[in-house]
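Here is the structure we will look at.
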Amino acid sequence: MASERPKAIERVLLDETAIQRRVAELAAQISADYADDAKLLLVGVLKGAFIFMADLTRRLTTEHYVDFIALSSYGKGATSSGAVRLIMDTREPVTDRHLLIVEDIVDTGYTLDYLVRTFRSRRPASLRTCVLTSKPARRKVDAEVDYLGFELPDVWVVGYGLDYADRYRTLPYIAALKREVYVR
Ligand code: 5GP
């Protein structure tokens, strides 16, 4: 049964088929790049990356391990101050592991920049980033993205893990929210 589209949705930017096809391509690329590295550890950033992480890791054909971290970003809904803090760390040690940080979206770049600096200081064997979506028009710092799913326009998006005030995360597509919902 197809569920009705929530009223707050403006339009679908990436449908389920497009997302699944791209996730499969990313997984194939990552599997090829890490074919010889037995210690690949994927670190997903909660909560936004949980669905992307689940789909991506299930398509990897190379040996890998899965862990998560959580961040606080001081801000609700579509507002953020740019200050980032780690509130839940990995369980797995990262030193000497091949680390792949998995994020839902890069906006200003502050979050990814913080994560790369934080994890690099722990001396992993290697560190790369895999990001499903990016809004290049919004970038304030040059964050390193090694595997990118899609570029998006400067709109607030929800679905496939992405939320607005903790809603809309489990929509199977990625959609722009109506501006009047998040611009006050
Ligand atoms: P940054 O600005 O540091 O690159 O991104 C900070 C965080 O803001 C992202 O990890 C993500 O959680 C959130 N974010 C940025 N843009 C969007 C968006 O369009 N939709 C949603 N749901 N979250 C976003």
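Counting starts at 1 for both ligands and their atoms, following the listed order.
Short contacts between ligand 1 and Val155, defined as distances under 4.0 Å to a heavy atom of the residue, involve ligand atoms 19 (O). Near Thr111, meaning under 4.0 Å from one of its heavy atoms, ligand 1 places the atoms 1 (P), 3 (O), 5 (O), 6 (C). Less than 4.0 angstrom separates some heavy atom of Thr108 from each of these atoms of ligand 1: 1 (P), 2 (O), 3 (O), 4 (O). Applying the 4.0 Å criterion to heavy atoms of Tyr110 picks out, from ligand 1, the atoms 3 (O), 4 (O). Against a heavy-atom cut-off of under 4.0 Å, Leu162 is close to the following atoms of ligand 1: 21 (C), 22 (N), 23 (N). Against a heavy-atom cut-off of under 4.0 Å, Lys135 is close to the following atoms of ligand 1: 16 (N), 17 (C), 18 (C), 19 (O).
Remark: distances from the non-hydrogen atoms of Trp156 to ligand 1 include one below 4.0 Å. For the ligand labelled ligand 1, residue Gly48 lies outside the 4.0 Å heavy-atom shell. Ligand 1 lies out of reach of Val158, whose nearest heavy atom is not under 4.0 Å from it. Taking 4.0 Å as the cut-off, Glu103 counts as a neighbour of ligand 1 on heavy-atom distance.
Ligand 1 has a nitrogen or oxygen under 3.5 angstrom from a nitrogen or oxygen of Asp163. Ligand 1 has no N or O atom lying under 3.5 Å from any N or O atom of Val106, backbone or side chain.
We find the NE2-OH distance between His64 and Tyr34 to be 13.0 Å, quoted to the nearest 0.5 Å. Interatomic distance, CG of Leu115 versus OH of Tyr110, reported as 15.0 Å (0.5 Å rounding).
For residues 53-65, every residue pair satisfying the salt bridge (Lys or Arg N to Asp or Glu O under 4.0 Å) rule, not counting sequence neighbours, is listed here: Asp55-Arg58. Applying the salt bridge (Lys or Arg N to Asp or Glu O under 4.0 Å) test to pairs two or more places apart or on separate chains, those with a residue in residues 10-32 are Arg22-Glu25.
Taking the six-membered ring for Trp and thresholds of 30 and 60 degrees, Tyr182 and Trp156 have ring planes inclined between 30 and 60 degrees apart.
Between Arg97 and Asp67, no side-chain nitrogen of the basic residue sits less than 4.0 Å from a carboxylate oxygen of the acidic one, so the salt-bridge criterion is not met.
Heavy atoms of other residues, nucleotides or ligands lying less than 6.0 angstrom from CG of Asp142 number 12 at most.
The part of Asp104 lying near ligand 1 is the side chain, judged by heavy-atom distances below 4.0 Å.
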